[in-house]
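This report concerns only the one structure given below.
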Amino acid sequence: MFRLETEVDKARRDLLHRRLRDTNTAASAVLRALRGTPAARESPLHVWASDANGELAGGLVGHTWTAWLHVTYLWVDDRHRGAGLGSSLLAEAERVAAGRGCTASRVETWDFQAPDFYRRQGYEVVCVIPDYPPGITEYTLTKQLR
């Protein structure tokens, strides 16, 4: 017999994460080889752009892990769109990631956001999830960096 609970519990979440990581490491020679190396840790990667007044014009937040850059957020202020700032932010993140040994990049975006922007930057759609959330399509795109 099991008792199921739906409460948010940080301690149990962390325990579950450790146990899942241990199970995955035991099952995968690749993950075992990474364990304890610098590549096994996520490293934050942020790129910021300020305008002439020092205000935030745009930015990219992501991280590198193993040989991958994961772009979490990329945003450009409406006043600066169309000037190539998004492309510059992404290119700088890819440059830094390549310097960290990354060979690929991934990003998720919604249909009304930027799938065409990422395609123009050399990304390819590898996953499409319709109705996530309802009425919106989510895309996962990847790009080889080398």
Side-chain angles (χ1 to χ4, degrees), residues 1-50 55-78 80-81 83-146:
M1 181 143 166
F2 299 97
R3 184 179 78 230
L4 301 180
E5 303 171 41
T6 60
E7 69 191 54
V8 175
D9 184 325
K10 184 182 181 315
R12 283 196 274 186
R13 180 205 64 199
D14 293 346
L15 175 61
L16 184 87
H17 180 252
R18 283 191 306 274
R19 288 185 177 174
L20 178 61
R21 186 186 61 218
D22 291 346
T23 299
N24 290 345
T25 300
S28 168
V30 172
L31 293 177
R32 272 194 307 280
L34 282 171
R35 202 70 186 280
T37 71
R41 292 186 297 275
E42 288 185 5
S43 296
L45 195 159
H46 298 180
V47 182
W48 306 107
S50 301
E55 298 293 322
L56 182 64
L60 180 149
V61 171
H63 67 270
T64 56
W65 178 69
T66 65
W68 282 81
L69 164 63
H70 185 182
V71 176
T72 308
Y73 309 122
L74 173 58
W75 174 83
V76 174
D77 187 279
D78 287 340
H80 304 291
R81 291 191 182 154
L85 181 54
S87 298
S88 295
L89 290 164
L90 186 58
E92 180 64 6
E94 291 171 354
R95 185 191 69 73
V96 171
R100 294 181 184 181
C102 291
T103 57
S105 178
R106 67 173 285 179
V107 63
E108 296 84 25
T109 189
W110 286 326
D111 56 6
F112 65 88
Q113 288 178 321
D116 292 335
F117 164 79
Y118 289 108
R119 285 185 187 110
R120 288 192 303 273
Q121 308 309 310
Y123 284 72
E124 297 179 8
V125 174
V126 295
C127 179
V128 177
I129 305 174
D131 272 347
Y132 185 76
I136 296 173
T137 299
E138 182 180 88
Y139 294 86
T140 301
L141 300 97
T142 63
K143 177 181 178 179
Q144 294 301 306
L145 298 180
R146 293 186 196 174

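Predicted model only: the values in this text are computed from it and were never measured.
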| Stepwise, does the side-chain contact (heavy atoms from CB on, under 4.5 Å) test hold for T109 with L141? | CA-CA 8 Å; T109 189; L141 300 97; 3.7 Å; yes

| Are H63 and W65 an aromatic pair by the rule of ring centers under 6.0 Å? | no

| What is the minimum heavy-atom distance between A49 and L89, and which atoms define it? | CB-CD2, 4.1 Å

| query | How far does CZ of R95 sit from CG of L145, to the nearest 0.5 angstrom? | reply | 12.5 Å

| field | Short N-O contact, D78 and R81, less than 4.0 angstrom | value | yes

| field | Distance, nearest 0.5 Å, that separates OG of S105 from CD of Q144 | value | 10.0 Å

| remark: So OH of Y73 and NE2 of H46: to nearest 0.5 Å the spacing works out to 9.5 Å

| Are L74 and F117 close enough that some pair of their side-chain heavy atoms sits under 4.5 Å apart? | yes

| request: May I ask you to decide if S43's main-chain N or O and R100's side chain share a donor-acceptor pair within less than 3.5 Å? | output: yes

| When you check the side-chain N and O atoms of S50 and E55, is any donor under 3.5 Å from an acceptor? | no

| query | Can you check whether W110's main-chain N or O pairs, donor with acceptor, with Q113's side chain at less than 3.5 Å? | reply | yes

| query | What pair of heavy atoms forms the shortest contact from A26 to R32, and how long is it? | reply | O-NH1, 2.7 Å

| NZ or CZ of R106 within 45° of Y123 ring axis and under 6.0 Å | no

| said: Measuring from atom OG1 of T6 to atom CG of D9, what distance do you get when rounded to the nearest 0.5 angstrom? | reply: 11.5 Å

| query | Looking at side-chain heavy atoms only, is the closest gap between E5 and R12 below 4.5 Å? | reply | yes

| query | Tell me, do R119 and V125 make a side-chain contact under 4.5 Å, heavy atoms counted? | reply | yes

| request: Would you check if L20 and H17 make a side-chain contact, meaning some heavy-atom pair closer than 4.5 Å? | output: no

| Taking all atoms of both residues into account, what is the closest heavy-atom pair of G122 and K143, and its distance? | O-CG, 3.7 Å

| said: Closer than 4.0 angstrom, basic N to acidic O: yes or no for K10 and D14? | reply: yes

| task | Check whether any side-chain heavy atom of D111 lies under 4.5 Å from a side-chain heavy atom of I136, and answer yes or no. | result | yes

| field | Where L45 and A97 come nearest, the two heavy atoms and their spacing | value | CD1-N, 3.9 Å

| query | Tell me, do H70 and E108 make a side-chain contact under 4.5 Å, heavy atoms counted? | reply | yes

| said: side-chain contact (heavy atoms from CB on, under 4.5 Å) for D77 and L56? Distances and angles first, verdict last. | reply: CA-CA 8 Å; D77 187 279; L56 182 64; over 6 Å; no

| query | Any side-chain heavy atom of L60 within less than 4.5 Å of one from V71? | reply | yes

| message | Quick one, L34 with T66, criterion side-chain contact (heavy atoms from CB on, under 4.5 Å). Give me CA distance, side-chain angles, the key distance, then yes/no. | response | CA-CA 8 Å; L34 282 171; T66 65; 3.3 Å; yes

| said: Any non-hydrogen side-chain atom of D22 less than 4.5 Å from a side-chain atom of R35? | reply: yes

| Donor-acceptor pair, side chain of T25 and main chain of R21, under 3.5 angstrom | yes

| message | With side-chain contact (heavy atoms from CB on, under 4.5 Å) as the criterion, how do L90 and Y118 come out once you've worked through the C-alpha distance, each side chain's angles and the decisive distance to 0.1 Å? | response | CA-CA 9 Å; L90 186 58; Y118 289 108; 3.9 Å; yes

